[in-house]
**Student:** 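Got a structure for you, written out below as C-alpha cells; questions coming shortly.
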Amino acid sequence: MNERLLERFVKYAKVNTRSDMNSQTVPTTYSQVEFALKLAEELKEIGLEEVEYNESNGFVTATLPSNLQHKVPTIGFIAHIDTADFNAENIQPQVHTNYDGKDILLNEKLGIVISTTEFPQLANYVGKTVITTDGTTLLGADDKAGMASIVTAMEEFIQHPELPHGKIRVAFGPDEEIGRGALLFDVDHFQADFAYTLDSGVVGKFEYETFNAAQAELTIKGTSVHPGTAKDSMVNALLVAAQFATALPQEEVPEKTEGYQGFYMLSSQVGTIDEVKATYIIRDHDKETFENRKQYFAALVDQFNKTFDQPRIGLKLYDQYYNMRDIIENDLSIVELALDAYKSLGIEPDVKAFRGGTDGSIITYKGLPTPNIFTGAENLHGKYEFVSLEGMEQAAQVVIEIARMNAEK
Ligand SMILES: [Zn+2]
C-alpha cells in the first residue's frame, strides 16, 4: 500500500489548489475544479461506483458498494481539496526516506531548514519516510494527506475483496480553508448514516468537539474636520475603534486562553479618521457562554453608540459554525467506533476539544454527524509543513478498520 500512497500523495500535493477568499465562484479557484475532475477519473479507474462531480458545490462523491450479506450503516469519509492561504505555486515535495533525526535541509540555495530545536517533535519520525516542502511553499498535506489516505483505503478494499465492509461513501470538496465548502455540501445526496473527515494533525488525534463561532463586522463612522478647527466637532473613528478594542475583556483573547476558554479576537482593522472597518471573531465551546459573548459584544456596541450624538458604530454579527459535540453526544457510538479502531491498530487516541472548526462542524449541523480523524501532518499552513508516509498509512488503516468493525457489529 505504501508505494501507491506515497505516489498518490506527491501527485496530489504538486497541484496548486489554493482557495481564494476574494473569489465569488464555486469553487473559488478553477484549479480546484480541474483537480476534482481528474480525481473523479482516478476514482473511476480504481473501481469506485457512482462517481460524480457536482458543479453546484464542487464536491466529488463516489460509492464503494457493500460486500456484506447483511445491512450495516453507511459510513462516509470526507477530505478537502483546497490548501490554506500560503504560497502554493510550484510545490516540490521532498521525500526523505529513513529520516536520521537531524535538521532537515529544505532548500540549500535559500538556506531553509526544519530544525530539531525549533521542532523537537521531529524526534518521533526517526527511521520514517518524511515528506517536506522545498522551503518555498506549503506542502498541502492539509488535506492532500487525508485525500490520499481515503483514496488508497478504497483502492485497498477493491483489491482485497476479503476485507469486510458495508457501503462506503466518499466526498472530496473545495474551499474548506475559507470556511465555505461544507456550507454547500449536499447531505441528502451523500446518503451516509455518519461520516468522518480526515483533516486533523498528528497520528492519534481525534476531534468531536469544536468551537461555536461567530463573526462581528463593525463600521465606525467618524466626523473628519480640519484639526485646527476640530474642537467639539471631530469624531475620530480610529480612536473610537481603539477604545472599543480595549473595552473588551483583555484576558479573553487567543494569546491568553487555552482548553475550553473562549475569546474575542480583533482579526482586521483598517480605516481613517472618517471611517474604520473592524472585524472580530467570537469563539467558545459552550453554547450558552457563546450566546452570552455575542450579547455582550452587541451590548458594548449599544453602550458606545449612546455616548455619541448619533449611532456611529454599525454592527453585523453572524454565526459561522457550531460545536459538533452538542449533536454528536446524543449518540457517541460513532466516536467509540473510531477510537476502538485506533486502539485495535495500536494507535493511542488523543482526544481534545479543538480550538477551531472543521468541515464537520458544518456538516454535522446539516444532519450528518462528522467527527475528525488525523492525517499525520504537522506544522500545517506554512513552509515547515510535513507528513510521514507511515502516518498517512495509519490513517488509511483507520479507515479500513472502522469499516471492518462496523461490518462486524
Ligand atoms: Zn484541513
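Both counts, for ligands and for their atoms, begin at 1 and track the order of listing.
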**Student:** Is the shortest side-chain heavy-atom distance between E50 and T61 below 4.5 Å?
**Tutor:** no
**Student:** With a 4.0 Å cut-off on N to O distance, would you call E408 and R404 a salt bridge?
**Tutor:** yes
**Student:** With 2.8 Å as the limit, jot down which protein N, O or S atoms are around the Zn ion (ligand 1).
**Tutor:** H80 NE2, D142 OD1, D199 OD1, D199 OD2
**Student:** Any donor-acceptor pair under 3.5 Å linking the side chain of D20 with the backbone of T28?
**Tutor:** no
**Student:** Report the C-alpha separation of T63 and R169 in whole Å, then their side-chain angles, then the decisive distance to 0.1 Å, and conclude whether the side chain to side chain donor-acceptor pair (under 3.5 Å) test is met.
**Tutor:** CA-CA 5 Å; T63 301; R169 292 278 283 155; 2.8 Å; yes
**Student:** Check the pair H189 / N54 against side chain to side chain donor-acceptor pair (under 3.5 Å), numbers first and verdict last.
**Tutor:** CA-CA 10 Å; H189 173 261; N54 184 332; 5.3 Å; no
**Student:** So for atom CD, which belongs to Q310, do other residues, nucleotides or ligands contribute more than 12 heavy atoms lying within a distance under 6.0 Å?
**Tutor:** yes
